[in-house]
2 protein chains.
Amino acid sequence: MTVRRADAQRNYARILAVAEAEVAAHGAEASLEQIARVAGVGSATVRRHFPGRRAMLQAVFHERVEALCARAGELEGAADARAALLEWLGALTTYAASARGMADVLVPDGQAGADHANACAAQIGGAVEPLVRNAAKAGAVGQDVTVADLVALVTGIALATERHPDPVAEAHRLLALAVQGISPRLPGNDDGTAADQVRHRPAQEVR
Amino acid sequence: MTVRRADAQRNYARILAVAEAEVAAHGAEASLEQIARVAGVGSATVRRHFPGRRAMLQAVFHERVEALCARAGELEGAADARAALLEWLGALTTYAASARGMADVLVPDGQAGADHANACAAQIGGAVEPLVRNAAKAGAVGQDVTVADLVALVTGIALATERHPDPVAEAHRLLALAVQGISPRLPGNDDGTAADQVRHRPAQEVR
DNA sequence: TACGATACGGAGGCCCCCGCCAGTTAGCAA
DNA sequence: TTGCTAACTGGCGGGGGCCTCCGTATCGTA
């Protein structure tokens with residue numbers, strides 16, 4: 001693959017456009033065959049440009065991921081580190097909940113090349129890291145909170161609300177809940193009965 | 001179907017056992033065909049007992065759901081309503097994160113019969129409702145927090161950590177984060193710069 | 001223009017889900 | 001015990017999807 005041939009580029013663009021529409025319509029389950037048919041190319045061609053569904057989804061959501069990274073960059077110098085982080089989390093939530101299939105791309109792959117398992121997540125991780133650091137410095141989040149944690153949480157929320165009538169609104173409700181805390185132990189509210197650590201494993205291993 | 005014939009019951013039990021193993025091995029994606037093959041029955045038989053993958057998963061996790069409901073019943077009269085709720089959330093997290101595919105069952109169906117869309121979730125909802133009410137009365141959670149919210153949150157966490165090396169531990173980490181709040185606005189910590197409400201929708205609609 | 005590299009797409013293999021059908025068997029009644 | 005009937009069973013075929021191979025068409029360049 002020295003330089004991409006012109007027809008290949010044309011096809012790539014067309015397939016990508018179709019893929020976007022198809023994913024928007026059918027979510028992450030969109031059929032590669034179907035994309036090929038609509039795009040008027042052979043299924044092998046689709047497969048050549050996007051080896052695997054995941055690659056296709058990553059390409060489809062590439063722009064959005066970049067937009068999120070850019071947003072993180074803008075917010076990096078904000079005066080209120082906490083507000084900046086929350087703003088960004090809100091943006092991520094909106095994206096993940098409104099673009100069907102995006103959450104699936106953000107969830108760690110687990111398959112094969114575990115190192116670069118997930119280009120998108122890594123890219124986001126790098127861009128958002130400063131936001132989290134700033135927020136941690138300001139005491140707005142715990143020191144041990146990582147970007148991966150936050151992304152995982154939002155991703156999970158998006159996945160869990162995917163089928164909801166209004167996924168975006170519902171996702172934001174849950175995000176707000178998680179941001180404020182389901183049941184935070186407030187300083188001065190400690191009645192000593194403790195049990196504040198959520199039990200790590202209940203009675204016995206699930207069989 | 002007046003009364004189940006004895007052989008049908010035998011088959012059901014065998015298929016269910018195989019299904020459990022298969023789901024444990026391959027998660028929610030487990031193949032019905034494969035289950036039939038291992039169980040030594042025709043695929044039509046499997047299909048008759050479990051019309052659709054979802055039904056199969058519900059049957060597989062039925063025991064676990066009941067166990068969770070029972071746990072909720074035990075905890076209902078606990079002195080510390082907050083601790084009881086957290087305990088139960090921890091148990092739910094452990095189950096959802098350790099039993100692959102269970103989280104998928106808990107996520108609302110969205111398909112077809114929207115009313116009884118999700119028997120498991122409804123069952124849990126009923127059983128856990130008192131726990132949440134007690135916690136709300138004690139001021140441990142907001143008045144507007146529903147069982148569905150909590151289940152959705154935990155389900156999302158489980159989905160997002162499914163591929164993690166140690167899903168249970170990771171899920172519990174995220175649960176703890178959500179319980180304490182990513183960045184709760186603490187009373188007396190209000191510096192007035194506000195922006196505490198997570199923006200509902202960023203600048204523009206995601207295109 | 002002619003040639004080599006590159007990209008294309010159809011075909012075939014494999015698996016899965018689904019519905020239909022005729023054969024078989026369990027359970028009940030005489 | 002012997003039928004009878006309804007329930008249960010499992011194989012078969014259709015419809016798709018994913019993936020790979022390989023002959024062919026096209027592009028870029030000398």
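Naming: A, B, ... by sequence-line order, numbering from 1 per chain.
Note that the two end axes of the helix from dT1(C)-dA30(D) to dA30(C)-dT1(D) enclose an angle of 0°, each drawn from 5 base pairs, rounded to 10 degrees.
Side-chain nitrogen and oxygen atoms of His49(A) include at least one within less than 4.0 Å of the OP1 or OP2 phosphate oxygen of dC8(C).
Not counting sequence neighbours, the partners of Thr146(B) by the side chain to side chain donor-acceptor pair (under 3.5 Å) test are Asp149(B). With sequence neighbours excluded, the residues satisfying side chain to side chain donor-acceptor pair (under 3.5 Å) with Arg5(A) are Asp7(A). Every residue two or more places apart in sequence or in another chain was checked for a side chain to side chain donor-acceptor pair (under 3.5 Å) with His49(A), and none qualifies.
Nucleotide dA7(D) holds its P atom 15 Å from the CD atom of Gln9(B), rounded to whole Å. Between Arg10(B) atom CZ and dA7(D) atom P there is a gap of 18 Å when expressed in whole angstrom units. Ile35(A) places its CD1 atom 15 Å from the C1' atom of dG16(D), with the value rounded to the nearest Å. Atoms OH (Tyr12(A)) and P (dC8(C)) sit 13 Å apart, rounded to a whole Å. One can place CG of Asn11(A) at 17 Å from P of dT6(C), the figure rounded to the nearest angstrom.
Between Ala140(A) and Arg82(A) the shortest heavy-atom distance is CB-CB, 3.5 Å.
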Notebook entry, point to check: For every nucleotide of nucleotides 11-22 of chain C, 5' to 3': is a protein heavy atom under 4.0 Å from its base (B), only from its sugar-phosphate (S), or from neither (-)?
Noted result: -----SBB-B--
Give every pair of a protein N or O atom and an N or O atom of nucleotides 23-25 of chain D that lie under 3.5 Å apart, one pair per line with the distance.
none

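Between Glu87(A) and Arg71(A) there is a salt bridge, since a side-chain N of the basic residue sits under 4.0 Å from a carboxylate O of the acidic one.
Counting only N and O atoms by type, the side chains of Ser31(A) and His26(A) include no donor and acceptor under 3.5 Å apart.
Each of Gly40(B) and Asp7(A) lies near DNA chain D, and the nucleotide nearest Gly40(B) is the one positioned closer to the 5' end.
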